[in-house]
S.K.: 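The structure follows.
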Amino acid sequence: MKKILIALALLVGFGMVNQTYAQKAKVLEHQPKKKPAWVNTLVKDYIIVVASSNTLEDAQEKALIKVKEHIISSVADNISSTSEYTLTEDTKSGDMSITENYKVATKTRAADIPFIKGISVNQVEEYYWEKVSEKGKITFYYHMKYPFTEFQLKKLIMEYERADRDLTQQLEGFLARIDDAESIEELNQLSNIIKALSTSFIDVDNRKTKCNVAVSKISQMIKNVSIEAVGTSLGEIR
């Protein structure tokens with residue numbers, strides 16, 4: 001008898017909890033009419049995200065941003081994982097902040113890949129949203145199913161690496177022009193370009209070191225030129 005009373009008490013308790021939850025959260029509207037099976041699950045070759053906001057449009061935009069962040073992180077994680085050993089060897093340190101800095105730099109550059117810039121609502125395969133009332137507050141939950149295959153990820157990594165090689169070629173080209181510069185103006189221009197390029201690299205990147213050395217060299221070259229020589233041919237001064 002005691003066990004029956006306890007069971008009844010638990011049932012009543014669960015009923016009160018469910019009733020309280022129902023009072024706190026109530027779905028007022030949703031589209032499509034039937035909730036898809038993929039919501040809040042993992043599906044191969046798709047990115048499943050959900051975002052919330054006080055408007056449907058903002059919730060949709062936030063979900064799209066989450067898709068972009070997911071893809072960018074996937075690219076960064078793959079690039080970083082192949083570079084982590086090299087970074088550790090270069091610095092002779094296991095400092096995790098080095099890897100994290102590399103990931104941040106990778107994510108920043110990956111965001112410029114045309115594929116990622118082209119992510120849009122038009123490419124969403126399926127969606128589901130709910131308008132929910134919670135404690136008197138209206139919240140929209142937007143679920144998004146976005147196609148993204150392993151093949152697409154590999155293509156993005158190749159695109160990133162190709163862009164990275166292009167950066168190296170650009171840097172080497174500008175470095176080669178320093179000794180052939182013919183005016184202070186040209187040296188200043190090269191210095192500004194190399195400084196801008198250096199922001200693409202992290203502290204343990206040899207290319208960033210090259211940038212810093214080049215900027216210092218240019219600065220010293222300019223100092224060595226007399227004020228009277230400003231704007232004239234450096235070839236004449238030499």
Side-chain angles (χ1 to χ4, degrees), residues 36 38-51 60-127 142-176 193-214:
W38 54 263
V39 171
N40 296 325
T41 64
L42 295 175
V43 181
K44 181 177 172 57
D45 292 334
Y46 290 93
I47 297 172
I48 309 295
V49 298
V50 58
Q60 182 189 64
E61 182 61 28
K62 286 181 177 178
L64 199 62
I65 290 173
K66 283 190 174 185
V67 169
K68 291 182 180 180
E69 290 175 344
H70 181 94
I71 295 175
I72 290 171
S73 293
S74 296
V75 174
D77 287 342
N78 278 273
I79 298 295
S80 298
S81 63
T82 59
S83 303
E84 185 173 355
Y85 177 76
T86 303
L87 290 173
T88 303
E89 286 295 302
D90 285 346
T91 59
K92 300 186 185 304
S93 169
D95 191 351
M96 289 303 295
S97 64
I98 295 171
T99 303
E100 288 304 313
N101 288 339
Y102 191 86
K103 283 185 179 180
V104 170
T106 305
K107 287 179 180 180
T108 301
R109 286 165 54 189
D112 288 329
I113 294 176
F115 176 90
I116 294 175
K117 286 185 174 181
I119 292 172
S120 69
V121 175
N122 295 332
Q123 295 169 321
V124 175
E125 185 162 310
E126 292 186 68
Y127 70 89
Y142 198 99
H143 300 261
M144 188 175 286
K145 182 182 180 184
Y146 199 94
F148 186 64
T149 65
E150 187 71 22
F151 178 71
Q152 287 174 310
L153 175 58
K154 289 179 180 178
K155 283 184 65 177
L156 285 179
I157 292 171
M158 289 175 63
E159 188 175 346
Y160 178 93
E161 290 175 339
R162 182 169 59 250
D164 193 58
R165 288 193 297 270
D166 289 343
L167 277 176
T168 300
Q169 291 177 359
Q170 289 179 42
L171 175 60
E172 294 300 331
F174 289 124
L175 293 178
I193 292 173
I194 293 171
K195 284 178 183 177
L197 272 176
S198 71
T199 61
S200 300
F201 314 124
I202 62 171
D203 292 338
V204 295
D205 195 319
N206 290 332
R207 292 170 298 182
K208 190 175 187 72
T209 301
K210 285 185 177 181
C211 288
N212 294 335
V213 171

S.K.: Would you call S200 and R207 a side-chain contact if the rule is heavy atoms closer than 4.5 Å?
M.R.: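 The answer is no, as the side chains (C-beta and beyond) never meet within the 4.5 Å cut-off.
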
S.K.: Are the side chain of S73 and the backbone of H70 linked by a donor-acceptor contact shorter than 3.5 Å?
M.R.: no

S.K.: Do the rings of F115 and F148 sit parallel, tilted or perpendicular, given the 30° and 60° boundaries?
M.R.: tilted

S.K.: For residues A214 and L175, report the shortest heavy-atom separation together with the two atoms involved.
M.R.: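 Shortest heavy-atom contact: CB-CD2, 3.3 Å.
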
S.K.: Check whether any side-chain heavy atom of H143 sits under 4.5 Å from a side-chain heavy atom of N40, and report yes or no.
M.R.: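 Yes, side chains in contact.
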
S.K.: Passes side chain to side chain contact (heavy atoms under 4.5 Å, CB included), W38 versus I48? Steps please.
M.R.: CA-CA 8 Å; W38 54 263; I48 309 295; 3.9 Å; yes

S.K.: Can a donor-acceptor pair be found, under 3.5 Å and without considering hydrogens, that links the side chain of Q123 to the backbone of S120?
M.R.: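 Judged by distance alone, yes, a pair lies under 3.5 Å.
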
S.K.: Check for a donor-acceptor pair, side chain of R109 on one end and backbone N or O of Y160 on the other, with a separation under 3.5 Å.
M.R.: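 Here the side-chain-to-backbone pair does not exist.
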
S.K.: According to the salt bridge (charged side-chain N to carboxylate O under 4.0 Å, His left out) rule, which pairs have a member within residues 147-156, sequence neighbours left out?
M.R.: none

S.K.: Please find the pair of heavy atoms, one from L171 and one from C211, that lie closest to each other, and give the distance.
M.R.: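 Residues L171 and C211, closest heavy atoms: CD1-SG, 3.6 Å.
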
S.K.: K68: what forms a side chain to side chain donor-acceptor pair (under 3.5 Å) with it, not counting sequence neighbours?
M.R.: none

S.K.: Do the non-hydrogen side-chain atoms of E69 and I47 ever get within less than 4.5 Å of each other?
M.R.: no

S.K.: Taking Q152 for the side chain and T149 for the main chain, is one N or O donor matched with an acceptor at less than 3.5 Å?
M.R.: yes

